[in-house]
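Below, all heavy atoms of this structure are taken into account, side chains as well, without hydrogens, waters or symmetry copies. In what follows, chains are A, B, ... by sequence order, proteins preceding strands, each numbered from 1.
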2 protein chains.
Amino acid sequence: MSISIAIVEDLEAVRNGLKDFISLSTDFLVVGVFKTGEEALAELPHITPDIVIMDINLPGMNGIECIRRVKDKSPGTQFMMFTVYENDEKVFEALKAGASGYLLKNTGLLEIVESVKELHEGGSPMSANIARKIVNLVRDTGKETAFMDVLSPREKEILKLLAKGLLYKEISHQLQITTGTVRIHIHKIYEKLHVQNRTEAINKAFGK
Amino acid sequence: MSISIAIVEDLEAVRNGLKDFISLSTDFLVVGVFKTGEEALAELPHITPDIVIMDINLPGMNGIECIRRVKDKSPGTQFMMFTVYENDEKVFEALKAGASGYLLKNTGLLEIVESVKELHEGGSPMSANIARKIVNLVRDTGKETAFMDVLSPREKEILKLLAKGLLYKEISHQLQITTGTVRIHIHKIYEKLHVQNRTEAINKAFGK
DNA sequence: GAGGGAGTATTACGAAAGTTATATTGGATC
DNA sequence: GATCCAATATAACTTTCGTAATACTCCCTC
């Protein structure tokens with residue numbers, strides 16, 4: 001049983017190159033080729049291929065938005081990004097949208113084919129520096145932002161308790177100081193972070 | 001210039017196998033071999049190898065804790081996990097601690113060597129299903145938790161505004177309803193989530 | 001040893017948040 | 001047609017939060 005593939009790519013040369021090369025292998029069957037996200041969105045839910053190779057920079061709807069919408073209708077289909085973008089935001093967005101693999105356009109045809117196989121077997125093939133970006137993303141999740149640096153150790157301690165949803169009096173009890181002092185600390189925290197309330201402070205200190 | 005490698009692994013057979021095979025290549029120089037995290041922690045900061053291949057399950061200090069501590073002292077050293085663990089928590093912890101690559105112990109020696117090279121060149125080599133786990137981790141960051149399901153659409157809408165730090169009156173203005181109504185909605189949200197205030201609700205609805 | 005910052009504290013006030021009770025409307029269910 | 005629930009609203013009330021001004025101590029630096 002061969003792996004069914006669709007390709008969404010606006011550049012004719014790239015599109016045909018991919019299609020022709022992939023078609024050489026009996027492991028694959030190219031079941032759809034689209035120039036725009038709109039076309040792909042209209043057809044993919046009916047074709048339900050195993051894998052979609054998706055460009056990001058398309059005329060009209062971009063590839064990420066296209067994944068988001070197709071994923072809704074055909075949750076079984078897996079997406080391989082194929083793009084020149086290697087900035088953090090695009091990578092992050094693509095994964096959030098539901099992409100499981102991410103290859104840069106300088107990837108060789110042979111490696112692309114290997115990666116599609118790996119994707120189909122439940123892996124998440126990515127170009128080397130994309131993988132590193134993703135690892136760094138995970139490493140930094142929930143990490144304190146640079147804004148925390150302007151706070152004193154005591155202020156950081158209090159902000160962390162504040163972030164847990166504790167009342168002033170609970171904080172004061174835990175730290176063995178008066179609620180008045182807690183109030184002062186928190187007021188200074190707000191000043192330093194340029195915010196007006198607890199929630200804004202938490203968002204600012206711990207990246208949204 | 002060859003890549004300097006250290007190995008931390010308690011099982012003698014694995015340890016020696018790695019060391020001997022890696023030493024075969026002139027690209028690498030094994031500069032340290034340790035049986036425990038404690039030994040590694042004592043020596044690694046002085047050796048400062050390019051790469052450390054690190055087991056997780058060690059007697060005494062585990063490999064993740066070991067990375068955390070060594071990373072503090074030698075930020076330039078990169079770590080490759082080499083372990084049987086493939087559960088989400090261990091993978092997540094390892095990356096948080098500062099590991100940049102993650103191989104399972106069923107990986108072939110040749111692939112290990114290739115992965116170490118890739119790591120050294122700034123990539124993040126991982127076994128296929130580990131990569132998928134990490135991608136899924138990123139996909140799910142900041143996602144609403146199951147608690148959100150008990151809320152009505154309107155309540156979800158209000159909770160999202162609440163999470164941005166808006167005042168009741170700002171929310172009421174934005175939704176064109178009275179602050180009294182906002183108050184009621186929020187009160188019901190708290191009831192349904194079994195919490196007493198805004199911050200607790202946010203933490204519960206959007207996984208910490 | 002004078003100055004500055006961090007941490008502590010007190011008092012006072014106004015704004016915002018959260019609780020409780022009651023009520024109307026409209027849509028869905030039975 | 002009756003019942004239930006979501007969404008809306010009003011009113012009265014308590015608690016918590018946030019702002020402001022002032023002050024003392026300790027520690028570090030110049």
Scan for side chain to side chain donor-acceptor pair (under 3.5 Å) pairs involving [range], sequence neighbours excluded, and state none if there are none.
range                       : result
residues 41-50 of chain A   : A:S4-A:D50
residues 166-183 of chain A : A:T178-A:T181
residues 185-195 of chain A : A:E155-A:K192

What do the steps show when you test B:D10 against B:R15 for salt bridge (charged side-chain N to carboxylate O under 4.0 Å, His left out), and what is the final call? CA-CA 7 Å; B:D10 62 326; B:R15 189 172 64 241; over 6 Å; no
Would you tabulate the pairs of protein nitrogen or oxygen atoms and nucleotide nitrogen or oxygen atoms of nucleotides 18-26 of chain D closer than 3.5 angstrom?
| from | atom 1 | to | atom 2 | distance (Å) |
| --- | --- | --- | --- | --- |
| D:dG18 | OP1 | A:Y190 | OH | 3.4 |
| D:dG18 | OP1 | A:R198 | N | 3.1 |
| D:dG18 | OP2 | A:Y168 | OH | 2.3 |
| D:dG18 | OP2 | A:Y190 | OH | 2.8 |
| D:dG18 | N7 | A:R183 | NH1 | 3.2 |
| D:dT19 | OP2 | A:H187 | ND1 | 2.6 |

Sequence-distant partners of B:E157, salt bridge (Lys or Arg N to Asp or Glu O under 4.0 Å), two or more places apart: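 Once residues adjacent in sequence are excluded, the partners of B:E157 under the salt bridge (Lys or Arg N to Asp or Glu O under 4.0 Å) criterion are B:R154.
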For A:K35, look at atom NZ and say whether over 12 heavy atoms of other residues, nucleotides or ligands are found less than 6.0 Å away. no
Euclidean distance, atom [atom1] of residue [X] to atom [atom2] of [N] [Å, nearest integer]:
X      : N      : atom1 : atom2 : result
B:I189 : D:dC5  : CD1   : P     : 18 Å
B:L175 : D:dA9  : CG    : P     : 10 Å
A:L166 : D:dT16 : CG    : C1'   : 14 Å
B:Q176 : D:dT8  : CD    : P     : 11 Å
B:E155 : D:dT8  : CD    : C1'   : 13 Å
A:K169 : D:dT15 : NZ    : C1'   : 8 Å

Return the 5'-most residue of the pair A:I177, A:K192 with respect to DNA chain C, ranking by each residue's nearest nucleotide.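 This one resolves to A:K192.
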Of all nucleotides in DNA chain C that come within under 4.0 Å of a heavy atom of chain B, which is furthest toward the 5' end and which toward the 3' end? C:dA16 to C:dA21
Mind jotting down which residue pairs meet the salt bridge (charged side-chain N to carboxylate O under 4.0 Å, His left out) criterion with at least one end in residues 54-74 of chain B? Sequence neighbours excluded, please. B:D55-B:K105, B:E65-B:R68, B:E65-B:R69
According to salt bridge (charged side-chain N to carboxylate O under 4.0 Å, His left out), does anything in residues 136-146 of chain B pair up with another residue at least two apart or in another chain? List the pairs. B:D140-B:K143, B:E144-B:K160
Does B:S152 reach a base, just sugar-phosphate, or nothing at all? Heavy atoms under 4.0 Å. sugar-phosphate
For B:E89, the side chain to side chain contact (heavy atoms under 4.5 Å, CB included) test, sequence neighbours excluded, returns B:N87
Please list, chain by chain and in numerical order, all residues satisfying side chain to side chain contact (heavy atoms under 4.5 Å, CB included) with A:T145, sequence neighbours excluded. A:F147
Which side-chain N or O atoms in residues 74-86 of chain A pair as donor and acceptor under 3.5 Å with protein atoms at least two apart or in another chain?
| from | atom 1 | to | atom 2 | distance (Å) |
| --- | --- | --- | --- | --- |
| A:T77 | OG1 | A:P49 | O | 2.9 |
| A:Q78 | OE1 | B:R132 | NH1 | 2.9 |
| A:Q78 | OE1 | B:R132 | NH2 | 2.6 |
| A:Q78 | NE2 | A:L119 | O | 3.3 |
| A:T83 | OG1 | A:Y85 | N | 3.0 |
| A:E86 | OE1 | A:N129 | ND2 | 2.7 |

Roughly what angle, to 10°, lies between the helix axis at the start of the helix from C:dG1-D:dC30 to C:dC30-D:dG1 and the one at its end, five pairs per end?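 End axes: 50° apart.
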